[in-house]
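Here the structure is laid out as structure tokens; the discussion comes afterwards.
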Amino acid sequence: MLTIEEFTYLVIVASLSNNYVLVQTLGVSDSMRLPEDREAVPTIALITTSVMTVSSGINYCFEKIILESLQLVYLRTLFFMLLITAVVSLHKFFIEKYNVCSNKIFDIFFPLLCVNSAVLGIALQNSENVMSVFQATSHGLGAGIGFSIVLISFANLQHKITGPHIPIHLQGGPIALITMGLMSVAFSGFRGIM
Amino acid sequence: MTNFMLNTTDRTGDQIALLVILACFPGFLALSWHFGWGVSLNVFICIFSSIVFETIALSLKEKSLNYCPLDFSTVLTAVLIGLSLPPLCPWWLPTIGCSVAILIGKHAYGGQGANPFNPAMVGYATLLLCFPFSMSQWVAVDPTYSNEAQQLTLIDSIMIIIGNIQQFDGITGATPLEIFKQNNGLLVTQLYLENEIFSKGGWAGVGWEWVNLGFLLGGLFLIITKIITWHAPSGMLGSIAILSLVFWDSGSSASLGSPIFHLFSGATMIGAFFIITDPVSSATGASGRVAFGILVGVLVFFLRGWSDYPDGLAYAVLIANFIAPTIDKYIVINADSDKNR
């Protein structure tokens, strides 16, 4: 089982000092691809966190129970992607069944979530670094929280980094990447949290 | 030149920036008294290079160079960087810091009044990331005020800064926050007895307590003249005080230091009154500013306690700048946001 100290440590490390977007540069494009309707951003963050949490646990179990016994660990990237797709489809099914949010943007959001490199990155790191399925799941939860912090803050910052006041050569992508770079500098302050 | 500081009176942006620079003066005096000529030289190099980079940026933007060299908001950014850098650091350190601050922190986002991040902290954090060794070489403060660095003449200090004299290593020492960071199992009482910087000091380490007191005085002057409001500083200082009280545990070896130590050490006061009160990059409205200050305070204490850096104010301010629009959106929905602007 998991002690509360372990859980806190894993969540803080995965969300801040090993933030997937800003420190490990995984899922950068997904955190910068914002929907037209900004009100949907918290929902997207919540769904991504849920997918990260569930898929990291399932992937860990699948690898340790099935792949290792069949000695097929070298195929783990392929199986992880299939399982992530399954988890995402499950989320889509439940959201549509219970009509949690009826928004057109989710039609393009779910395919993109399957290829979110942060989700796959968590699964690959879990297979090397964690000891139990509980640790894997809390690592996934922490990564999801870190992703959500970046996504929501970046979406709300948009009005400051778009507009005619930005120099014309830096408008759009360049200034967004500069902003992410500065945030990466800021998050390097969390280095060494143990 | 609009909305630089809280324009509650009919002062122009330049007058406000000038008053803020004047309010830095007590802290600057205390720094110079304890650390020698290096502080003045840092500030001078920063002001000079900032004006150069500002001119370059404005000419690149093809704005009319109807540009008075005494643009005080640029000078204020430069002064804040100069005051936070270690004295007697090599000359290229403040120059690089100011180039990043002015070109990327300020003009890439459209110049004055549009920057989402505090330019001075962008420059400082980049330096801390890129040159960790040079940035940690603080001049030691001698309790008897007979330190070599304090007796260095202006010419010697200039020679050290441009690299002609290599006697820099002998005059540096650990700051109080570094001593706490490198504490290997000593009780706080033992730590205080063992290090002269505490045993000869008043309450938070020789030199540093007076530096922070100087910035506190300057900050109170700014509050009295209504250039800044009390919200963000009280949020930050209050959260640091409460957190350090919670983690104080009466001075065991795992203790992170007393509240008075945290309030009067490192960059607490200059951060609380001069850096997080920049209205462009912080949250708006009274409750938003309190929340912003609390966020910075919590992050500062968290970084001091558990990260690799002895003092992470620059990182804390940048992260809080990033989250400030979110604070604006979800916390400040009060009518007081307009009343207290």
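Everything numeric here is computed off the predicted structure, so don't read it as measured data. Every chain is numbered from 1, with letters handed out A, B, ... down the list of sequences.
Heavy-atom pairs under 4.5 Å with chain B were tallied for A/Q158, A/K160, A/H169, A/Q171; the largest tally goes to A/K160. When B/F322, B/F302, B/Y309 are compared by the number of non-hydrogen pairs under 4.5 Å with chain A, B/F322 comes out ahead. For the set B/I323, B/L318, B/V100, the entry with the most heavy-atom pairs within less than 4.5 Å of chain A is B/L318.
Residues B/P325 and A/H159 are in side-chain contact: their nearest non-hydrogen atoms beyond the backbone lie under 4.5 Å apart. Side-chain atoms of A/N156 and B/Y330, non-hydrogen and from C-beta on, do get closer than 4.5 Å to each other. For the pair A/T179/B/Y109, a side-chain contact is recorded, criterion being any heavy-atom separation below 4.5 Å from C-beta on. Counting heavy atoms from C-beta on, the side chains of B/P116 and A/I161 come closer than 4.5 Å. The shortest distance between side-chain heavy atoms of B/M121 and A/V185 does not fall below 4.5 Å.
For A/L70, the CG atom sits in a packed shell: over 12 heavy atoms of surrounding residues, nucleotides or ligands are nearer than 6.0 Å. Atom CE of A/M32 sits in a crowded spot, with more than 12 heavy atoms from other residues, nucleotides or ligands closer than 6.0 Å.
For chain B, the nearby parts of A/L157 are the backbone and the side chain; heavy atoms of each come within less than 4.5 Å. Residue B/L128 does not touch chain A at all, counting heavy-atom pairs closer than 4.5 Å. Heavy atoms of B/F117 lying under 4.5 Å from chain A belong exclusively to its side chain. Neither the backbone nor the side chain of A/I168 has a heavy atom closer than 4.5 Å to any heavy atom of chain B.
Applying side-chain contact (heavy atoms from CB on, under 4.5 Å) to A/S153 and the options B/N321, B/T326, B/I319 leaves one that passes, B/T326.
Taking OH of B/Y315 as the reference point, atom CE of A/M183 lies at 11.5 Å (rounded to 0.5 Å).
A pairwise comparison of heavy atoms in A/G189 and B/S307 identifies O-CB, 3.2 Å as the closest pair. What you find for B/A108 and A/P167 is that their closest heavy atoms are O-CD, 3.2 Å.
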